[in-house]
Amino acid sequence: MSKISPSVEEAVSHIQDGMVVMIGGFGGAGAPIELIHALVERYKKTGSPGRLIVVNNNAGNGAVGIAAMIYAGMVAKMVCSFPRSTDPKAFTDKYLAGEIELELVPQGTLAERIRAGGAGIPAFYTPTSFGTLVAEGKPVAEFDGRKYVQERWLKADVALIKAELADRKGNLTYHMAARNFSPLMATAAAATIVQASRIVEPGGIDPEHVVTPGIFVNRIVEVPNPKQEEALLREVTK
Amino acid sequence: MSKISPSVEEAVSHIQDGMVVMIGGFGGAGAPIELIHALVERYKKTGSPGRLIVVNNNAGNGAVGIAAMIYAGMVAKMVCSFPRSTDPKAFTDKYLAGEIELELVPQGTLAERIRAGGAGIPAFYTPTSFGTLVAEGKPVAEFDGRKYVQERWLKADVALIKAELADRKGNLTYHMAARNFSPLMATAAAATIVQASRIVEPGGIDPEHVVTPGIFVNRIVEVPNPKQEEALLREVTK
Amino acid sequence: MTAKLTNAQIAWRAAQDIPDGAYVNLGIGFPEMVAKFKPKGREVIYHTENGILDFGEAPPAGQEDWDLINAGKKAVTLNPGAAFFHHADSFAMVRGGHLDVAILGAYEVAENGDLANWSTGPGSVPAVGGAMDLVHGAKRVCVITDHTTKDGRPKLLKQCRLPLTGVGCVTTVYTSLAVVDIVNARFVLREKLPSISLDELQALTEATLAVEGTVKDLIVPEV
Amino acid sequence: MTAKLTNAQIAWRAAQDIPDGAYVNLGIGFPEMVAKFKPKGREVIYHTENGILDFGEAPPAGQEDWDLINAGKKAVTLNPGAAFFHHADSFAMVRGGHLDVAILGAYEVAENGDLANWSTGPGSVPAVGGAMDLVHGAKRVCVITDHTTKDGRPKLLKQCRLPLTGVGCVTTVYTSLAVVDIVNARFVLREKLPSISLDELQALTEATLAVEGTVKDLIVPEV
């Protein structure tokens with residue numbers, strides 16, 4: 001049994017039209033650029049996978065990563081908390097033209113919904129967004145005299161995430177704050193595809209330092225010296 | 001600002017009658033024996049703190065740790081998933097005599113209720129226990145055609161936990177599977193009191209290896225070479 | 001008395017159906033025996049509720065670290081690639097459907113998949129542990145059990161009489177006499193010992209044993 | 001035009017009320033300025049939504065690691081004793097009431113503690129980020145803001161007109177003219193600039209400013 005994939009192209013080859021795709025990262029930190037770009041290239045060559053529903057905290061920046069997916073026309077809907085960035089043109093133009101859908105979710109609720117999806121919790125109550133537009137249409141309940149909004153789990157067909165180390169069994173570590181949503185998304189997707197900067201032998205990660213246990217990981221591809229989205233954008237801007 | 005306490009006696013000195021006390025550990029792994037025994041000694045000398053509600057996966061083994069608390073008569077109620085052990089006499093006798101109350105909670109539900117308490121989630125739905133005696137009286141709801149039981153968060157006044165390393169700011173690591181409930185309990189208690197085998201300077205724990213961030217920790221006392229409950233019991237039996 | 005499989009043989013049979021690469025939780029006690037019979041060449045990753053993935057066999061006596069235990073509080077070892085995590089993450093693996101197989105013991109199994117394995121009724125101290133979570137988490141929930149109680153009464157029933165662990169959750173039952181799948185709230189007989197007739201087996205089973213296609217011989221080596 | 005505090009001075013004033021040892025989240029933009037004015041000798045631990053506790057100042061230009069950023073996506077550094085964690089744990093800290101103080105900007109604050117700071121209404125791309133979580137999490141939810149809008153209309157209102165971020169959540173407002181606590185759904189004036197009269201201040205405030213005891217002078221150094 002091996003979870004190792006020979007290339008980013010192979011790693012993303014099973015993603016199909018209309019799938020829900022969670023993509024790790026907060027801004028540029030943790031964005032799996034090589035996996036995303038392999039997917040964009042596949043779409044440009046074959047017209048598939050299109051009509052994707054993409055889950056990420058943001059909605060792309062500049063013209064790389066998720067923004068490149070949006071420019072390519074393969075994203076039907078974004079589920080995110082903050083569809084703004086230093087250069088949000090890719091999303092903003094399509095959104096204002098009515099060509100892309102937006103589900104706006106408060107950041108903590110987004111994280112918790114993804115965690116719930118991975119943990120088999122179909123619904124939970126949160127104080128967040130009570131009494132606001134974001135809570136419209138959602139059930140409300142009172143506990144101990146305070147009102148809370150019911151939120152549903154969020155699951156995906158696929159998660160694309162970026163790790164620092166991976167072992168053959170799928171155990172992962174992350175680089176600093178590039179961790180963010182990735183450990184959660186890994187739990188909530190039917191198939192979790194990981195690009196890791198380095199693949200080590202089982203035992204190469206201290207069992208106490210594993211952040212994502214291998215049970216949540218399906219495919220791993222080694223991408224040494226991966227591009228960092230923010231660094232890439234600044235390079236382009238120069 | 002220091003979270004360091006000079007002694008186990010001082011560390012547990014603020015615990016009062018009737019409090020809800022979460023105690024880390026699963027069987028002997030992670031049981032904060034020195035903190036517990038300091039509390040038992042205090043009770044024997046002063047008659048306080050009594051009428052405690054203790055939350056732990058089990059209900060004590062032999063005559064040490066939680067079993068010592070029960071023998072001393074300071075526990076009014078246990079909240080646990082498995083009140084059995086190799087030598088459960090302390091709890092069993094009092095329970096059958098009607099002298100101690102039991103709230104039986106499935107293990108995963110216990111963990112999730114504690115996590116919810118720490119995460120500000122007042123209630124959630126789980127498939128666990130649906131259609132069983134344990135779910136009697138609890139609200140049931142259907143999501144996507146499947147039925148789930150509503151469970152409430154669980155919070156405590158105090159958590160007593162055992163860590164491997166602690167820094168002055170309260171960041172913690174754990175020794176192997178001694179981790180179990182402790183990182184959750186640390187989040188769900190108004191005051192989290194930690195015995196650590198070693199206190200290091202801030203920076204002595206790699207920020208990527210911190211398991212419990214210091215925000216969840218109130219008091220830390222160094223207990224080098226702590227007793228391991230299971231080892232202690234086997235020592236006694238010999 | 002009909003010839004029947006030993007507990008070790010039941011465990012052996014259940015072990016053969018665990019696929020390569022599977023994530024598996026073995027219940028405390030009898031189910032732990034299944035690990036002994038993993039077919040050679042297959043990689044199986046064991047999960048324990050108290051926060052370990054990929055643990056190995058018990059260490060030699062005297063070399064235990066009692067902070068490295070399984071859900072039955074027995075000392076274990078680690079395989080390369082093991083991971084520790086806290087209880088909420090552990091049960092996220094369970095409840096979230098990430099385990100491929102859970103293997104549990106049973107007092108009673110009903111044809112609709114209901115399982116009773118935690119309480120023999122009032123009078124003793126109730127204790128449920130992680131069983132109620134496991135039965136609603138793993139993709140396959142397998143039971144290993146003697147086909148009947150010690151005094152010969154059926155354990156495969158129309159309805160459970162004891163307090164339930166879970167509703168409609170069991171997918172396969174490996175007994176001392178047969179292998180039975182639960183499909184659409186019916187017992188479907190897959191294999192039986194060649195030495196027992198279908199009528200004899202049915203007589204030891206309260207609910208109807210449906211047959212779909214061929215019933216294979218349940219052949220298990222001496223173990 | 002009345003004399004008023006600069007943004008830096010408002011940030012300075014808010015910083016003075018952060019107690020030693022506090023865990024604090026500073027909203028993106030203006031609130032980030034509060035960190036600059038931490039009184040010497042106080043230890044403040046900063047939390048950022050994207051999974052860091054105890055981060056420090058921005059690194060020198062050219063030395064950024066873009067995997068080490070705050071919620072505003074600006075590069076930061078780490079203090080000794082920092083910790084990383086994932087987004088669900090980060091918002092467990094927020095929602096679970098573990099932060100001592102959150103400091104946010106505002107379009108509008110109502111006397112009942114309602115806050116509007118995320119949307120100026122339909123027409124643009126809505127974006128909420130972590131604000132709706134922060135307002136229901138921290139023990140103290142403080143707003144720093146100019147006392148009025150650019151065209152002189154009150155921002156401290158009887159009721160918010162813009163879409164709400166949270167209901168009844170704000171505890172203290174630090175403005176360019178005053179410090180106002182929200183107590184039992186009323187604005188209670190704690191401090192005001194000595195150069196402005198109570199009547200003048202009230203005229204710039206839609207809801208009533210209650211006075212309990214003495215109103216102190218709001219004295220802020222040049223910063």
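Numbers restart at 1 for each chain; the letters A, B, ... are given by sequence-line order, proteins then strands.
Atom CZ of Arg140(C) has more than 12 neighbouring heavy atoms from other residues, nucleotides or ligands inside a 6.0 Å radius. Annotation: Lys147(A), atom NZ; neighbour count of heavy atoms from other residues, nucleotides and ligands within 6.0 Å does not exceed 12. Taking a 6.0 Å sphere around CD of Glu142(A), one finds it holds more than 12 heavy atoms contributed by other residues, nucleotides or ligands. Counting heavy atoms of neighbouring residues, nucleotides and ligands inside a 6.0 Å radius, atom NZ of Lys74(C) exceeds 12 of them. Sparse packing is recorded around NZ of Lys36(C), with 12 or fewer heavy atoms of other residues, nucleotides or ligands lying under 6.0 Å away. Enclosure of atom CZ in Arg186(C) is not indicated, since only 12 or fewer non-hydrogen atoms of other residues, nucleotides or ligands lie within 6.0 angstrom.
Residues Pro202(A) and Asn79(C) form no side-chain contact, since every pair of their non-hydrogen atoms from C-beta on lies 4.5 Å or further apart.
Just one of Phe84(C), Phe85(C), Tyr23(C) meets the side-chain contact (heavy atoms from CB on, under 4.5 Å) condition when paired with Pro213(A); it is Phe85(C).
Considering all non-hydrogen atoms of both residues, Ala83(C) and Asn171(A) come closest at CB-OD1, 3.8 Å.
Using a 4.5 Å cut-off between heavy atoms, Ile52(C) makes no contact with chain A at all. Residue Asp100(C) does not touch chain A at all, counting heavy-atom pairs closer than 4.5 Å.
In this structure, CG in Asp54(C) is found 3.5 Å from NZ in Lys169(A), a value given to the nearest 0.5 Å. Distance CZ/Arg95(C) to CD1/Ile121(A): 4.0 Å, rounded to 0.5 Å.
Listed for the His47(C) side chain is no donor-acceptor partner under 3.5 Å among the backbone atoms of Ile215(A).
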